[in-house]
Amino acid sequence: MQIEKVYEPQRFESRWAAWWVESSLYAANPQAPGEVFSLCIPPPNVTGSLHMGHMLEHTMIDMVVRYYRMTGRNTLWLPGTDHAGIATQMVVERQMAKEGLTKHDLGREKFEERVWKWKAESGGAIVHQMKTVGVSCDWTRERFTLDPGLSRAVREVFCGLYERGLLYRGERMVNWCPRCATALSDLETKHEESDGSLWEIRYPVLSSDGQASDEFLTVATTRPETMLGDTAVAINAKDERYLHLHGRQVLLPLLDRAIPIILDDLADPAFGTGVVKVTPSHDPNDFEAGQRHNLPQIKVIGEDAKITAAGGPYAGLDRFDARKQVLADLEQRGYLVKTNPHKLSIGRCERCQTIVEPLVSKQWFANMKPLAEKAIAAVEDGRTTIEPEQSRTVFFHWMRNIRDWCVSRQLWWGHRIPAWYCGACGEVTVARQDPTQCAHCGSAQLTQDPDVLDTWFSSGLWPFSTLGWPDQTADLAKYYPTTLMIMGYEILFFWCARMMMLGLEFMGEVPFRHVHIHGIVRDAQGKKMSKTRGNTVDPLEITSKYGTDAVRMALLTACTPGSDILWTEDKLPASRSFANKIWNASRFLFLNMERAGIEPFIPESASPQFLEERWIRARLNLAAQTCNNAMAANRYHEASQTMWHFFWDDFCDWYIELIKLRFNDEANRASIWANLLSTFEAALRLLHPAMPFLTEELWQRLRNSDAHPPSISLAAYPAFTAAHDDAEALRHMDLLQEIITAARTLKAEMKADPKAELAGELYAEGEAFAVARDHAEAIRKLAGVDLALHPQRGAKLEGPSRSTAAFDLLLKVPAANAEAQRKRLEKEIADLEKVIANTSRQLGDEKFLGKAPPHIIEGMKAKLADYELQLSKNREAIHAL
RNA sequence: GGGCGCGUAGCUCAGUUGGUUAGAGCGCCUGCCUUACAAGCAGGAUGUCCGCGGUUCGAGUCCGUGCGCGCCCACCA
């Protein structure tokens, strides 16, 4: 078997990636046996291209899915993409702008066609990239939120919610993006603090007969231009300063409109002047105050962010120009009293960063409270578990304070709202099938609502709409509820919360059993990665440089639940080295098989006879146990670190180093290779969920029979086997390692020629002696010392020595570097004295003896005896120097 | 204004119910091109586990508090 000298993942990764997809290896079969493991992907936006966030998320999911598939579960990982309403529409509009076109030039139908065309040509980029990095999705079930089936689900849910009275249309204050010309949900509005001003403006108070007086109320505002829409001025009922003016009116400056003075808690006596202008059309608080006092709404800022006709002389001005003009006019006429610097938070459109205008608009809203209650209950009683714990807390907090969700968007790309308005009676008809006549009066004068639904409306149905709902499909029956959802905390509310609510409402069951929330990938400075910041990393660039497996490993070993990953490229050489280590260990095995005339094979069974064989089997067994437990607890970093250390430290540094000493043992050749390959093959399976390409490549080179699965990804994951739990082998190997390490250390410390074999003495009793006796050859080869063995420890240590709990080791070397020896001994003595003092103090404490569990006390006593033995041996040694 | 979290070796971070000399990778120092691997091997140094107080026989781990840092939610003019 030829095996290339250098690890070059580029040579085989793309081949396996393509094969995994072409062979439909990961297509789920609802008829197949096995406990279900199903998971649907958080659908990336079709507009997107793969970024490190995807890479992290997909790597974690892929590891989990590969793991469960290997444990024999009936596994489904359903992939797909989201139509991403605003985002996609923006992309296409921008593209059209280059041709000097707007969507209105095309008209709705042609525009939609154009977006579909864009999707067909460019929308597949991310899917292609995902396939390149080898995610083991079931591509036969790929979905898109605007697929006919999913659109039918959307319509069904809309109608269902409407029929349950959970969806209503109303004039309410919404976040309006003037650039996108659509309403936004609260979550799509991002607030940021910025420097503004708090202006104080004098409003003349009219006397009781409506005539001008010389009194004033001074209001404080951060948005003077909205005063054009003021319909009252509010004072607090407890504010003695102004109470006498209640019942009078003020004259609105600039427009000379008489408006009432009302009493309302909206006015905080401690803030500003204690007097607040009330603009029910352009401020959420004022809107509510307006409702309380039955105030008229005067809309002075339009959907285009320009002053409306109601703004009198300011009509047509942009909102920011209007502010300047209003302030100038107020100043000029003596109404502007003061300008204070003031920090305020400004809402911006998540997509285009335009400052959002709060305005009253007729929109569709979902009443979330009743839905949220069910979702809260489901998490409280554990039907769905959310971890890590802090995400659960955050989830509850948001759900318990949930507000109605504005679901309509004034866009063209998305699911059209299935509501029709009657030209005759004005009633609304909401229907699953496009109606031909009004459900109320029978008139045929119907116009469909022009709006579409918030993108997250369809995403909220993803776990069941993708499985065929509203049809009762086999997939739906088998794979819903899904087993696990893995996603970032940034979409906990946008998505997780809505899936919970809608899943419970329409499926009567939670959408997933467990939610695992992960952190995000940040740059080396801890900053969020973003295109505008220019600190993004292209995963494909990195994977082609270091290999996908190395990138995966770097991410997996770093992803502690609940915390973000700071991405620096210098994490990569380490994991590439690890991949390289695997490659080279394999190369070593293949070369030696060739040398021994053995064809690569996967052993049916192997029975270990030598210590290192028993030991590596036990170590593998423990590693498998740790990995299985870690995967069950979604502790991917722990699983991958365990794999890493097992392969590098145990398998390579000890097992191979020891077993290669037996390569000329012809009598045992078959058994040695059966054990070696058996362990190696199991190690590949252990590693496969984390490093699928390399393990597939190497495993295929071992695969020698069609009795084996076609791919390592379909082979069984190593499981804990009680029979392999060999405590004796672990103990003996520990001693052997200790002896070898002690000898190496001493040799290095004495600056002895590493190539020269040194003679020495080893004093040990019991098992330690037996191990040294049975493995003298290994000690000689691996440590470069030839030890004479003595079955008791009493001897005086004269010369360079090292003592441990189990043995004393003395090297026959002129004390060339007594200084280093002395230094070490002094340090060891100091450490031991400290530890002995602490331990004896504890053991002399009656309270401790009374309260600590017996095994702790016994353990400490045994340790103390060891420490004392070592201490006396070290003192002896330092005297001998 | 509310909520969540973080502070452990020079750097990036592990450390599951409190328990026996606190760990890894990178970096650093020393020595090795040992016929799988210098992307390697062997050995080594480095920590008032942010400060203070408390609970406990015992605290990196639990509680309180201070300092420093991050994030999320929120309509206070």
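On a predicted model such as this, the values are computed, not experimentally measured, just so you know. So that the names make sense, note that chain A is the first sequence line, chain B the second, and so on, each numbered from 1.
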Would you jot down, in residue-number order, the residues of residues 559-574 of chain A having a non-hydrogen atom under 4.0 Å from RNA chain B?
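Residues of residues 559-574 of chain A under 4.0 Å from RNA chain B: A:Thr560, A:Ser563, A:Leu566, A:Lys571, A:Ala574.
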Residue pairs, two or more places apart or on separate chains, that pass salt bridge (charged side-chain N to carboxylate O under 4.0 Å, His left out) and touch residues 566-575 of chain A
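Residue pairs passing salt bridge (charged side-chain N to carboxylate O under 4.0 Å, His left out), neighbours aside: A:Lys545-A:Glu569.
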I need the full list of salt bridge (charged side-chain N to carboxylate O under 4.0 Å, His left out) pairs touching residues 736-753 of chain A, with sequence neighbours left out, sorted by first then second residue.
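Matches after skipping sequence neighbours: A:Glu749-A:Arg824.
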Can you list the residues that meet the side chain to side chain donor-acceptor pair (under 3.5 Å) rule with A:Trp405, with sequence neighbours excluded?
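A:Asp454.
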Which residues pass the salt bridge (Lys or Arg N to Asp or Glu O under 4.0 Å) test with A:Arg780, sequence neighbours left out?
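Here the qualifying residues are A:Glu757, A:Glu777.
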With no hydrogens and no angle check, just 3.5 Å: does a side-chain donor-acceptor pair link A:Asn340 and A:Glu200?
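Yes, a side-chain donor-acceptor pair sits under 3.5 Å.
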ring-ring contact (aromatic ring centres under 6.0 Å, His included) partners for A:His342, two or more places apart
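Applying ring-ring contact (aromatic ring centres under 6.0 Å, His included) to A:His342 gives A:Phe271.
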Given B:G23, is OP1 or OP2 found less than 4.0 Å from the side-chain N or O atoms of A:His645?
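Looking at the OP1 and OP2 atoms of B:G23, neither is under 4.0 Å from any side-chain N or O of A:His645.
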With a non-hydrogen cut-off below 4.0 angstrom, is A:Arg635 in contact with a base, only sugar-phosphate, or nothing?
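Sugar-phosphate contact only.
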Nucleotide of B:C4, B:C41, B:A39 approaching A:Ser577 most closely (side-chain heavy atoms)
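Taking heavy atoms from C-beta onward, the closest nucleotide is B:A39.
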Can a donor-acceptor pair under 3.5 Å be found between the side-chain atoms of A:Glu657 and the base atoms of B:A42?
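No pair found.
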I need the CG-C1' distance between A:Asn401 and B:A74, as an integer number of Å.
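Rounded to the whole Å, the gap is 10 Å.
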